[in-house]
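Below you will find the structure I want to go over with you.
All values below come from the heavy atoms of this structure, side chains included, with hydrogens, waters and symmetry mates left out. In the text below, chain A, chain B and the rest are named by the order of the sequence lines, each starting its count at 1. The model shown is predicted, which means the values in this text are computed figures rather than measured ones.
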Amino acid sequence: MLPKAEVEETLKRIQTHKGVIGTIVVNAEGIPIRTTLDNSTTVQYAGLLHQLTMKARSTVRDIDPQNDLTFLRIRSKKHEIMVAPDKEYLLIVIQNPSE
Amino acid sequence: MPVAHKTGTVKSKQGSNAQSQKAPAAKTVKAASKKKDEEDGTETGEGDEWMQGKTLIKPLDQLDLTEAELKEEFTRILTANNPHAPQNIVRYSFKERSYKPISSVDQLAVHFVLEGNLLHQDSDEARRQRAKQGLPEEKDTVETAVAEKPETPAAGGEDAGDVEEGGGEERADSVESKAGKKEQKITNQFNFSERASQTLNNPLRERGCQTEPPPRANFSATANQWEIYDVYLEVLQKQEKNKEKAKAVPKKDDDKGKKKMMLVETQSDDITKVAKVAKIIERMVNQNTFDDIAQDFKYFEDASDEYREQEGTLLPLWKFQYDKAKRLSVTALCWNESYKDLFAVGLGSYDFTKQGRGMLVFYSLKNSTFPEYIYPTTSGILCLDIHKHLPYLVAVGFYDGCVAVYNLKEETLQPIYKSTAKSGKHTDPVWQVKWQKDDMDNNHNFFSVSSDGRVVSWTLVKNELVFTDIIKLSLEGAVSEGPEGVQLPIMACGTSFDFHKQIDYLFLVGTEEGKIHKCSKAYSSQFLETYNAHNMAVDAVKWNHFHTKVFISCSSDWTVKIWDHTIKTPMFTFDLNASVGDVAWSPYSSTVFAAVTTDGKVHTFDLSINKYEAICQQPVVAKKKTKLTHIEFNPVYPIIIVGDDRGYVTSLKLSPNLRKKPKEKKGQELPKGPEVEIAKMEKLLSLLREPENSNA
């Protein structure tokens, strides 16, 4: 399988998974490049979570530079926001786990 | 003394008449110079006279004169000669080139000079000055004393004189006439006139030019400990790359190729880099969805087991299924030794009539909805084995008799090795494959058993799969007539085999006829032992993980039998009321094993608790029609995976009763380790053996 096709399929699976509200792919500058939500929400999520992820990452690495952030989960009353950072990208998924 | 008096008078004269007595004074002085010494002496004598009472002292160098000489009279004449002026001046004449005496010597002696600033009113100078100042001719001025002007007037002196005269004239004027003349400022003596002049100031002119400002960019960065660390790592990597480049011979083609690669990478849609992250997210999403299962898997222990004496239960956990594998049945299961959550599922078909494609699928417990790796195959898979030390090498046996080796690290979906008709593939389905230790040349190798009666060893040599027949399973006593009357032994069909855990060369082969042969790798035609195990084909034969003598076998004749390989009859026999598909020993206890039957049940036995019955008999699939085909224990976690003929794999958690370790005796430490297990088994066997021995 082409790696590109595989990734596309994975993203598609995530989007269609039970309880998933939306998926956003954000690049290194905090600009969303792919989303399943509406524009304003996307921009808001992207901006806020980008900053939070940077902060979290900085925290982890400050404690031990050889360590790195793998993912970040924020569970709220309504749903759970999952952020997985990469060197250049950020993948944000909002899921409602109790459904 | 007359001389003394004279001297005195001369002196006094000199003092009174300054100018008129110049000449005679000079002479007198001159005459007196001869008698200098004497005068000195007499002066002292004179002084002596005044200071009465002192005796006359004669100086040592006083001239001794005779009386006559003392009385000698000298005449003095007053002349007009300058006593100080030299009498004989000799000058060198350059003209005549000799010294010549000057005849006349200047006798003038100047005693006092005072330069005056008075001018005679009728003198030229006076007139000139008057003319300068524009004043009328002077009448008699107040001061008219004519002063002899010295011949050498200094400029300052003249000026002073002029100014005085002018001043004098001015004063006279002011006294005499006052008509229309302004009073002029009295300037100072030195005629100081201030003169100032202003130079022309050039007008200032400003000139400027502006350059284009340099391009600016804002730059900001943070310097954290980890950012510094990252940069250091990068530099280190670059250094290593440079080292490698320096070692390798640089090729131009490579460079071009690299450049092309670079271009392609930047142009492509960078979504491929999200792959890893997407995988993590998928697992997280799944974890959320199946949160309760994950929690059960980790933490749930069936508390009700305390109330059940000996029985245990199986808690269903995840269910793994793949869309494209729905028609296929699970024909093989294998856990990965290195990655404890990864297992392989071989899909194919046991049905002779419905042979089609197959699939090799890998699942991880972390993601139950989608497989990690998918390899479609042309023929149905019947068995697989993952290498113990190299978790990426998978050996697969197919229904069409081929064997193949897959490398999970490779991107391709094709196996890296595949046996062909030329390279000794089996002519019948391959029922079991098993990896062996690397051979002496450090090549990987594995064994396969097939219905064509051959046990073959395959070695991975570079790009090829080299096969070696290890043993041929021949039916004892059965000989068939060959085409030319040659007697050919009929081959038995091997259906399963297992290698001893400790003794490398020893292995067991189960056949379709229901026999189990104990073989050695060294002997290719003879069996070490044969056991008449079952009435139907032996589906599985497995050595015990702990006890070196014990093995288990199961068959479609509904039975599961446990053997001691030294004894020809089974130790234990269990009837499960349905065709047994697979049996497996547990990795944590020597007395626990599980079997799956075609009626959808999993039977778990613990011989140390109950020697005759299963401690757990549980159906694990919804529909009764589904047949369970394989079972495997996870080496670490207390779960089992069960495959069925619908392509599903179900994972179940073993309840605590099924995982019992020997009870600790009061006061004693709980013994651990395989020795305990062996001892446990041995105890059981000894109980059996004794009655047998006694019976026999």
Side-chain angles (χ1 to χ4, degrees), chain A residues 1-21 23-28 33-34 54-55 57-73 75 79-99, chain B residues 220-234 236 264-295 322-324 361 364 366-376 408 410-414:
Chain A
M1 256 190 177
L2 281 172
K4 191 177 170 182
E6 217 176 290
V7 172
E8 295 282 348
E9 230 191 82
T10 312
L11 286 174
K12 201 175 160 192
R13 264 184 279 133
I14 294 169
Q15 281 163 18
T16 52
H17 198 93
K18 195 176 87 168
V20 171
I21 300 167
T23 320
I24 307 168
V25 179
V26 179
N27 75 351
I33 55 177
R34 198 187 259 230
M54 287 300 124
K55 189 71 185 172
R57 192 146 180 251
S58 185
T59 311
V60 167
R61 296 210 73 194
D62 268 343
I63 294 167
D64 178 9
Q66 290 181 327
N67 205 352
D68 199 4
L69 183 67
T70 322
F71 62 79
L72 192 62
R73 277 183 196 250
R75 198 155 206 172
H79 42 242
E80 182 165 330
I81 304 165
M82 289 173 278
V83 182
D86 189 50
K87 230 181 170 183
E88 294 171 24
Y89 294 94
L90 201 66
L91 187 54
I92 304 166
V93 170
I94 305 134
Q95 188 189 21
N96 197 340
S98 56
E99 259 184 49
Chain B
S220 69
T222 49
N224 282 329
Q225 195 183 358
W226 53 269
E227 289 202 8
I228 297 166
Y229 173 82
D230 275 347
V231 172
Y232 268 101
L233 270 185
E234 260 181 60
L236 194 70
V264 166
E265 277 176 27
T266 50
Q267 281 171 8
S268 72
D269 191 2
D270 292 309
I271 205 79
T272 49
K273 293 184 188 173
V274 192
K276 192 183 162 205
V277 183
K279 210 170 191 179
I280 294 172
I281 283 276
E282 200 187 352
R283 287 185 181 185
M284 287 165 74
V285 166
N286 274 310
Q287 191 182 16
N288 274 342
T289 315
F290 300 110
D291 184 45
D292 44 355
I293 296 176
Q295 299 287 337
Y322 184 41
D323 285 342
K324 295 181 186 173
V361 168
S364 165
K366 295 173 188 173
N367 184 354
S368 59
T369 52
F370 199 76
E372 302 289 314
Y373 301 96
I374 304 165
Y375 296 95
L408 296 178
E410 301 270 321
E411 289 285 330
T412 60
L413 296 172
Q414 297 303 315

A/Thr70: which residues meet the side chain to side chain contact (heavy atoms under 4.5 Å, CB included) condition with it, sequence neighbours left out?
B/Ile280

Taking the basic N atoms (NZ, or NE/NH1/NH2) and the acidic carboxylate oxygens, is any pair closer than 4.0 Å for A/Asp86 and B/Lys276?
no

Against chain A, label B/Asp292 side chain, backbone, both or neither, depending on which of its atoms sit under 4.5 Å from a heavy atom there.
neither

Option that, when pairs with chain B are counted at under 4.5 Å, heavy atom only, ranks first among A/Arg75, A/Gln66, A/Arg61
A/Arg61

Which residues share a salt bridge (Lys or Arg N to Asp or Glu O under 4.0 Å) with A/Asp64, sequence neighbours left out:
none

Part of A/Ile94 within contact of chain B (heavy atom distance under 4.5 Å):
neither

Contacting region of A/Thr23 [heavy-atom separation from chain B under 4.5 Å]
neither

Turns out that what part of B/Thr222 lies under 4.5 Å from chain A's heavy atoms comes down to neither

Kindly say whether A/Lys18 contributes a backbone atom to a donor-acceptor pair with the side chain of A/Gln95 at under 3.5 angstrom?
yes

Under 3.5 Å, is there a donor-acceptor pair between the side chain of B/Asn224 and the main chain of B/Trp226?
no

Please confirm whether A/Arg13 makes a cation-pi placement over B/Phe370, using NZ or CZ under 6.0 Å from the six-membered ring centre and within 45° of the ring normal.
yes

Most chain B-contacting option - heavy-atom pairs closer than 4.5 Å, from A/Thr10, A/Asn67, A/Asp62
A/Asp62

Part of B/Gln287 within contact of chain A (heavy atom distance under 4.5 Å):
side chain

